[in-house]
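Computed from a prediction, not measured in an experiment: that's the story for all the values here.
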Amino acid sequence: PDPDKVVTRLEVRGGKLAGTYTIFEPGGQTSGRLEGFREDGKGKGMLRWWDVYGEGTLEIEFGGDLRTFTGRWKPDGLPDRGGAWSGQRQ
């Protein structure tokens, strides 16, 4: 099946990267938040995510122009689950 569409909004809050996201599912929308950024090298890091389904980590890497990102999300306690998460500036 096709993955759900996700709109991710990132910004710098208090000197740290944070944001929100909206998952567009067949039955409606689910919103979540991204916080607790930890840098892991130039243009790379990890955020924590929270939504109605649970919480976990998002490992994220930005393109050199900061217009795109790719990443991988994982729920806490389930390291074999999760998937790709990517985006581009609109």
- [ ] Return yes if some donor-acceptor pair links the side-chain N/O of Trp49 with the main-chain N/O of Thr57 below 3.5 Å, else return no.
- [x]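 Yes: the side chain of Trp49 pairs with the backbone of Thr57.
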Task: Nearest heavy-atom neighbours spanning Phe62 and Leu66 - done: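 Phe62 and Leu66 have their closest heavy atoms at CB-CD2, 3.8 Å.
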- [ ] Give me the one residue out of Thr8, Leu10, Leu58 that meets side chain to side chain contact (heavy atoms under 4.5 Å, CB included) with Tyr21.
- [x]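 Only match with Tyr21 under side chain to side chain contact (heavy atoms under 4.5 Å, CB included): Thr8.
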Open item on the list: A side-chain contact here means heavy atoms from C-beta on lying under 4.5 Å apart; do Leu34 and Thr20 qualify?
Closed with: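 No, side chains not in contact.
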Open item on the list: Once side chain to side chain donor-acceptor pair (under 3.5 Å) is applied, what residue pairs with a partner in residues 60-78 remain, sequence neighbours excluded?
Closed with: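 Residue pairs passing side chain to side chain donor-acceptor pair (under 3.5 Å), neighbours aside: Arg48-Asp76.
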Open item on the list: Glu39: which residues meet the side-chain hydrogen bond (donor to acceptor under 3.5 Å, both in side chains) condition with it, sequence neighbours left out?
Closed with: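 Testing Glu39 for side-chain hydrogen bond (donor to acceptor under 3.5 Å, both in side chains), a comparison that skips the adjacent residues, returns none.
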TODO: For Arg9, check salt bridge (Lys or Arg N to Asp or Glu O under 4.0 Å) against everything at least two apart and list the hits.
DONE: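 In terms of salt bridge (Lys or Arg N to Asp or Glu O under 4.0 Å), with neighbours along the sequence ignored, Arg9 is linked to no residue.
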- [ ] To the nearest 0.5 Å, tell me how far Phe24 CZ sits from Gln29 CD.
- [x]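 So the CZ of Phe24 and the CD of Gln29 are separated by 4.5 Å.
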Task: Separation of Glu25 CD from Lys5 NZ (nearest 0.5 Å) - done: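 Those atoms lie 13.5 Å apart.
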TODO: Please name all residues satisfying side chain to side chain contact (heavy atoms under 4.5 Å, CB included) with Ser31, sequence neighbours left out, ordered by chain then number.
DONE: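 Once residues adjacent in sequence are excluded, the partners of Ser31 under the side chain to side chain contact (heavy atoms under 4.5 Å, CB included) criterion are Thr22.
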Task: Those residues that, when tested against Arg38, pass side chain to side chain contact (heavy atoms under 4.5 Å, CB included) (two or more places apart) - done: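 For Arg38, the residues satisfying side chain to side chain contact (heavy atoms under 4.5 Å, CB included) (neighbours in sequence not counted) are Met46.
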Open item on the list: For Arg81, I'd like to know if atom CZ has over 12 heavy atoms of other residues, nucleotides or ligands within 6.0 Å.
Closed with: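 No, the 6.0 Å shell around CZ holds no more than 12 heavy atoms from other groups.
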Open item on the list: Which residues pass the ring-ring contact (aromatic ring centres under 6.0 Å, His included) test with Phe37, not counting sequence neighbours?
Closed with: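 Testing Phe37 for ring-ring contact (aromatic ring centres under 6.0 Å, His included), a comparison that skips the adjacent residues, returns none.
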